[in-house]
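Indexing begins at 1, ligand by ligand and atom by atom, following the structure's order.
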Amino acid sequence: MAQHDVIVVGGGPGGSTAAWRLARAGLRPLLLDTAVFPRVKVCAGWVTPEALADAQVDPQKYPLTIQAFSACRFEFDGARTETCWRRPASYGILRREFDHYLLDRARAAGVDVREGARVTAVTEEADGVRVVSPHGTFTASVAIGAGGHRCPVAHALGEVSEHEEVVVAQESETRLSPQWIEALARWWDAPELYVEPDLKGYGWYFPKGDVLNVGVGCVSGPGADLPGRPSRAGSSPPKRSRRACGAAPPSRLTRPRSCAGTARARPAGSAGSSRGSPIRGRARSCGRS
Ligand SMILES: Cc1cc2nc3c(=O)[nH]c(=O)nc-3n(C[C@H](O)[C@H](O)[C@H](O)COP(=O)(O)OP(=O)(O)OC[C@H]3O[C@@H](n4cnc5c(N)ncnc54)[C@H](O)[C@@H]3O)c2cc1C
């Protein structure tokens with residue numbers, strides 16, 4: 001008999017939340033992830049109330065870094081627009097903390113979590129699914145693929161579109177001193193997005209707690225050239241990031257990092273996008289910068 005009812009491949013928010021729910025429903029899930037948590041995940045860390053509700057995380061009770069936002073600024077082609085809401089429309093979290101918290105929650109609920117366990121093969125058998133990793137070969141009647149861009153379950157079972165586009169990104173997540181946060185106070189109340197002229201990428205500036213996350217991402221392919229993008233966009237996040245990250249003894253949480261992810265990923269809470277959101281915002285033009 002299989003030791004586990006379900007094998008979850010990938011321990012990001014999708015996999016850990018699915019496993020957590022299954023454990024709470026009385027099943028015995030096994031979760032395998034290549035990484036050892038807390039792991040780096042390139043991401044602005046912008047989550048919507050819907051995404052938090054879906055993961056059953058109460059922002060009031062979340063014990064780690066979190067900042068509520070009731071405003072957001074967009075810049076495109078030199079024009080800036082600010083949208084304000086009457087209550088928090090989004091939150092900023094640190095993915096290395098958030099994902100680890102969700103994984104620990106799953107473990108506490110009884111999920112058999114194996115970190116540093118890269119899945120190398122997934123095969124369909126007559127009586128279920130066989131999953132191979134350095135931690136052993138496991139079988140279960142069901143496997144859940146939550147391995148992100150290179151999910152081995154999706155690849156093995158043929159669920160990857162040939163037309164999938166890849167997003168490449170670079171970011172820096174830096175803890176700032178109180179002096180720097182004070183100096184940046186007028187920009188600390190809202191995240192900013194800088195849509196690039198070719199509409200294939202955007203930069204972001206995202207304060208949360210005492211941490212500033214700045215980054216740029218775009219669809220890969222001709223012109224992707226990440227290092228060149230910020231200067232071509234002529235927007236302020238790179239300058240501001242340099243200003244904020246380069247001085248005043250900030251402690252960088254990790255070195256600047258890059259990633260590739262699928263273009264299905266969207267900013268601003270792709271896991272619970274604003275479509276159909278009950279929250280309505282008020283937009284106003286901030287003039288040209
Ligand atoms: C540049 C960028 C910025 C983004 N910003 C935001 C944002 O601000 N807000 C937002 O809501 N979303 C954002 N997203 C999207 C968000 O990151 C994803 O939607 C989210 O991470 C998906 O969660 P997941 O659990 O499905 O997968 P992931 O978080 O990608 O987790 C997948 C896990 O699977 C593991 N894994 C992979 N391969 C294997 C293997 N062979 N064996 C075992 N384990 C494996 C990995 O180690 C990883 O831990 C962004 C995406 C990108 C690319």
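- For ligand 1 and Ala169, the ligand atoms under 4.0 Å from any heavy atom of the residue are 1 (C).
- Taking only non-hydrogen atoms, the option from Val216, Asn213, Thr34 nearest to atom 43 (C) of ligand 1 is Thr34.
- For ligand 1, the atoms closer than 4.0 angstrom to any heavy atom of Ala44 are 5 (N), 8 (O).
- Within the 4.0 Å heavy-atom criterion, the part of Arg95 lying near ligand 1 is the side chain and not the backbone.
- At a heavy-atom cutoff of 4.0 Å, ligand 1 is contacted by the backbone of Ala146 but not by its side chain.
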Problem - Asp112 vs Arg28, side-chain contact (heavy atoms from CB on, under 4.5 Å): CA-CA, chis, key distance, verdict - result: CA-CA 8 Å; Asp112 181 356; Arg28 296 160 303 149; over 6 Å; no
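- The distance from ligand 1 to the heavy atoms of Leu32 drops below 4.0 Å at these ligand atoms: 43 (C), 44 (N).
- If you take CZ on Arg130 and CD on Glu125, they are separated by 4.5 Å, rounding to the nearest 0.5 Å.
- Considering both main-chain and side-chain atoms, Trp46 comes within under 3.5 Å of ligand 1 through a nitrogen or oxygen pair.
- Distances below 4.0 Å separate heavy atoms of Val119 from the following atoms of ligand 1: 40 (C), 41 (N), 42 (N), 43 (C).
- Scanning for ring-ring contact (aromatic ring centres under 6.0 Å, His included) contacts around Tyr62 gives Phe98, Tyr101, with sequence neighbours left out.
- In Arg21, the CZ atom is crowded: over 12 heavy atoms of neighbouring residues, nucleotides or ligands sit closer than 6.0 Å.
- Near Gly10, meaning under 4.0 Å from any of its heavy atoms, are these atoms of ligand 1: 33 (C), 34 (O), 35 (C).
- Heavy atoms of Cys43 found under 4.0 angstrom from ligand 1 belong to the backbone as well as the side chain.
- Scanning for salt bridge (charged side-chain N to carboxylate O under 4.0 Å, His left out) contacts around Lys200 gives an empty result, with sequence neighbours left out.
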Exercise for the section: Kindly indicate, with the supporting measurements, whether the criterion side-chain contact (heavy atoms from CB on, under 4.5 Å) is fulfilled by Ile181 and Trp188. Expected result: CA-CA 7 Å; Ile181 294 173; Trp188 213 255; 4.0 Å; yes
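- Looking at Pro13 next to ligand 1, an N or O pair under 3.5 Å apart turns up.
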Exercise for the section: Please step through side-chain contact (heavy atoms from CB on, under 4.5 Å) for the pair Ile7 and Leu30, ending with a clear verdict. Expected result: CA-CA 5 Å; Ile7 300 172; Leu30 167 70; 4.3 Å; yes
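- Close contacts of ligand 1 with Gly148, meaning ligand atoms under 4.0 Å from a residue heavy atom, involve 30 (O), 32 (C).
- Only the side chain of Arg39 comes within contact range of ligand 1, with a heavy atom under 4.0 Å; no backbone atom does.
- Residue-to-ligand polar distances keep Arg150 apart from ligand 1: every N/O pair is separated by 3.5 Å or more.
- Transitive grouping of hydrophobic side chains (ILVMFWY, heavy atoms separated by less than 4.5 Å) keeps Val40 and Phe37 in distinct clusters.
- The atoms of ligand 1 that sit less than 4.0 Å from any heavy atom of Ala117 are 43 (C).
- Less than 6.0 angstrom separates the ring centroid of Phe69 from the ring centroid of Phe206.
- For Gly217, the closest heavy-atom approach to ligand 1 does not fall below 4.0 Å.
- The neighbour count for Glu124 CD, taken as heavy atoms of other residues, nucleotides or ligands under 6.0 Å away, does not exceed 12.
- Residue Gly14 has at least one heavy-atom neighbour below 4.0 Å for each of these atoms of ligand 1: 24 (P), 25 (O).
- Partner of Thr65 under the side-chain hydrogen bond (donor to acceptor under 3.5 Å, both in side chains) criterion, out of Arg175, Arg96, Glu97: Glu97 alone.
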